[in-house]
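Notes follow the structure.
We use all heavy atoms of the structure for the numbers below, so side chains are in, but hydrogens, waters and symmetry mates are not.
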Amino acid sequence: MTGVEAAGSRWSGAGPLLLGVRHHGPGSARAVRAALEAARPRAVLIEGPPEADALIPLAADEEMRPPVALLAHAVDEPGHSAFWPLAEFSPEWVAIRWALEHDVPARFVDLPAAHTLAWRTERPDGDGSAEEGTAEEGTARHPSGVRPPGTDVRIDPLAALAGAAGYDDPERWWEDVVEHRGAGEGDVFAPFLALEEAMGALREAYGGGGRDRDLVREAYMRLQVRSARREFGDAVAVVCGAWHVPALRRRAAVTADRALLKGLPKVRTDMSWVPWTHRRLSRASGYGAGIESPGWYAHLFGVPDRPVERWLTRVAGLLREEDRIVSSAHVIEAVRLAGTLAAMRGRPLPGLSEATDAVRAVMCDGSDVPLALVHDRLVVGDVLGEVPRAAPAVPLQRDLNRLQRRLRLAPEASARELELDLRKETDAGRSRLLHRLRLLGIGWGEPAVSRGSTGTFRETWRLCWEPELSVRVAEAGVWGTTVLAAATARAEADAVAARALAEVTALAEHCLLAELPDALPVVMRVLADRAALDADVGHLAQALPALVRSLRYGDVRGTDTGALAGMAAGLAERIFVGLPPACAALDADAAEEMRRHVDAVHGAVALLGDTSAAVHDGLRARWHGVLRVLSGRDTVPGVLRGRAARLLLDDGEVEQEQAARLMGLALSPGTPPADAAAWVEGFAGGGGGMLLVHDERLLGLFDAWLTGVPREAFTDVLPLLRRTFSAYEPGVRRTLGELVRRGPGQGGGGAGGTAAGVPGFAADLDQERADAVLPVVRLLLGLDGPGPNPVPGSGSGERSGDELAGVAG
């Protein structure tokens, strides 16, 4: 007897009722509910990991809100995990709910998660993950949808069926043949028989579909179905992916099925319910759950009638919230247009594509910008499920849930910004929690730049709860049973394992932010040991800024930072002693890296002096002495000498006349052009353009040097100069160009613009000198030839004042 004959127009009970479905398909969900109501089976078997059987009763809990997922993770390696997502419109969820409402046993009959996780470990390039197992079997679409019989290729069954029906979009085909068909009309078993017949034809043409693991899964499911039939008779319903139905219908020897399962790898696993999101149900999220529009499918499943009219009303409401003018007339016209488009395209009812086209034309004025908002908020959506408090969870997850309730900081699927005022007890607690979670690798919140106050008593966080964070929580559970204990243990372990001194100082900063008083002594001890043994000035310079930043938290968070202050002062003294020798004889790359260290130390010293002026009296003076040594030592690379001079000028330790003297020495004819250009980069880089704007003496010295650069050296120094000037704001570059064109003192220049005779400026353009730059310009532009009319006697390579404008531009 064939499967169709066994089922008949009404299920006769001669054999199990096989309900082949599309996972996360609302049409399949409605059809499963209608079939179960008609058949009234004594047991319901569902595709899923059997370890989760004990969790099924929780689906009836009032606190359970789909979308949710079954999470399986290895006991010894919690980060090794797999998900089985379920939405309100998933046929499996409907089957679970129906069984619970009618007091019918429900069981999962797929391959155990213990084997699934071990399989994924041993075969990382195998058939896919557990998420794929609950999606459309076969995720890679075959473009033609047709293969000769006997071939075994990896396919997407929906794409193959849609291609055979002449559709280029599987989603549209599924809507036409399933979603637009009313559940319960006529024979409730007919759609399952039709899908079984179609999948049988595909299995004959494609074999196993390119998924070897399916053969093992189907062997296990057949054994489970046999066991259920011995217990309940033939009054058993099986809800599984339609791809598996022909394999479950096929008669196979028990010994053959057991042989396929023999020797499978196995790991110890734990199962739990975790919240899921609509966004994670979409293909674009990286979880192959099989649907591109979960929000649309939830709407189709939830509305009793007139789905298009209700959908377009929701779209209009969303656009009105975004201050777009959308009236009732727009909704009426959009409904008419969607119906017309469906008729023109030969569809039984308007689908998502017709509704989207109607929204674009009527409500969005043909623009895709507001349409993108509709897709993000409604078509996909940010719905976050909930699981009951009684659901099994690792102790760390329970403590996190308790803290979230106490601090009124509920997880949300959509990203949002949270402003915290650390002077308030609740906000301070939220800050501690988020910092501790970050230290544990649970990135629920990420620090963001505050748009308001920049004081140390304010923090801005960007929050977004992703389902995989539940895995991170389970993984972090090895460090402790509470967030505080786990963060403390993790900080201590990270301090001992840290290789670089900067990692330890950053960890000390994190301990202060997260308020981990028990971990801080261990971190400080490791920090003292590493700092005492590390003689590399670069490492010390990398470590100092984070250490000094930590001192600020004593005022706001009430933390005793006395030990940190003494260690920071000692670290700074060691940097002062070792920095001048470390800056000698460096190549260009090493000099640029050291320049960044000098900048970091300069900011740290300023902050350290402000934090405790009494303790660090004279610290800035000693640092300024180091900068003077660097600015005047010929063995120090030009970029460092220029940077030291600039920092001294910014701090008021040298007058403009002294800075002009240092620039004059650095840009003297005896200085190699490359070294002089590096000095300019160090001095004028990082906001130094305003110095040249307001001190035309410095600008004149720079212009005089530039116009005297020899021809053969100009192409070597130009990249350095362009790199310097490219960092300036456009307005600064424009002002510099104007100053160069008109000369100093011609337009009420800056403070130093008093000498009209500064070299490099003239009342009128010197055409002869301007023409001298043409060969270089032609070379830079890739033009053929050296350029017309080279200027005789221009071997000195003098350039016109307009060169500076060209460099600045």
Side-chain angles (χ1 to χ4, degrees), residues 537-538 541 579-599 601-602 626-650 654 656-689 691-692 695 697-728 736 758-760 773 776 779-780 795-799 801 803-804 806-808:
V537 174
L579 190 59
C583 291
L586 298 178
D587 60 18
D589 293 337
E592 179 60 29
E593 182 180 1
M594 190 61 73
R595 182 191 68 79
R596 291 193 292 269
H597 292 332
V598 169
D599 285 343
V601 172
H602 183 76
V626 174
L627 292 178
R628 287 192 182 90
V629 171
L630 294 179
S631 65
R633 185 169 291 182
D634 292 339
T635 57
V636 174
V639 66
L640 290 173
R641 287 187 284 118
R643 196 60 180 168
R646 164 71 184 286
L647 295 177
L648 289 170
L649 180 63
D650 288 346
V654 298
Q656 289 187 344
E657 291 76 8
Q658 293 175 281
R661 178 178 175 275
L662 291 173
M663 177 178 277
L665 292 174
L667 304 183
S668 63
T671 305
D675 192 51
W679 193 98
V680 171
E681 182 182 11
F683 183 85
L691 287 174
L692 301 180
D695 191 341
R697 174 181 293 185
L698 300 180
L699 181 62
L701 289 171
F702 176 52
D703 183 67
W705 164 77
L706 181 60
T707 58
V709 174
R711 177 192 299 272
E712 58 275 10
F714 185 74
T715 55
D716 294 332
V717 303
L718 185 60
L720 290 174
L721 299 177
R722 289 196 64 87
R723 184 169 64 185
T724 301
F725 281 93
S726 65
Y728 294 169
L736 286 175
V758 174
V773 80
V776 177
L779 178 63
L780 293 175
S796 63
E798 289 189 342
R799 306 290 187 266
E803 276 182 358
L804 181 58
V807 173

* pair V598-L647: side-chain heavy atoms closer than 4.5 Å -> yes
Which atom names give the shortest non-hydrogen contact between [X] and [Y], and what distance separates them?
X: M594; Y: C583; value: CG-SG, 3.6 Å
X: A591; Y: L640; value: O-CD2, 3.9 Å
X: A645; Y: W679; value: CB-CZ2, 4.1 Å

* Distance in Å, R646 CZ paired with H602 NE2, rounded so as to fall on 0.5 Å steps -> 9.5 Å
* **Pairs where residues 579-599 contributes a residue and the test ring-ring contact (aromatic ring centres under 6.0 Å, His included) is met, not counting sequence neighbours** => none
* Quick one: list whatever passes side chain to side chain donor-acceptor pair (under 3.5 Å) with E592, sequence neighbours left out. => R595
If you look only at distance, which donor and acceptor atoms sit under 3.5 Å apart when one is on a side chain in residues 628-635 and the other is two or more places apart or in another chain?
from	atom 1	to	atom 2	distance (Å)
R628	NH2	E653	OE1	3.0
S631	OG	L627	O	3.3
S631	OG	R628	O	2.9

* To do: Not counting sequence neighbours, which residues clear side chain to side chain contact (heavy atoms under 4.5 Å, CB included) with A588? List them please.
  => none
* Could you list all the salt bridge (Lys or Arg N to Asp or Glu O under 4.0 Å) pairs where at least one residue sits in residues 667-679, not counting sequence neighbours? => R641-D675
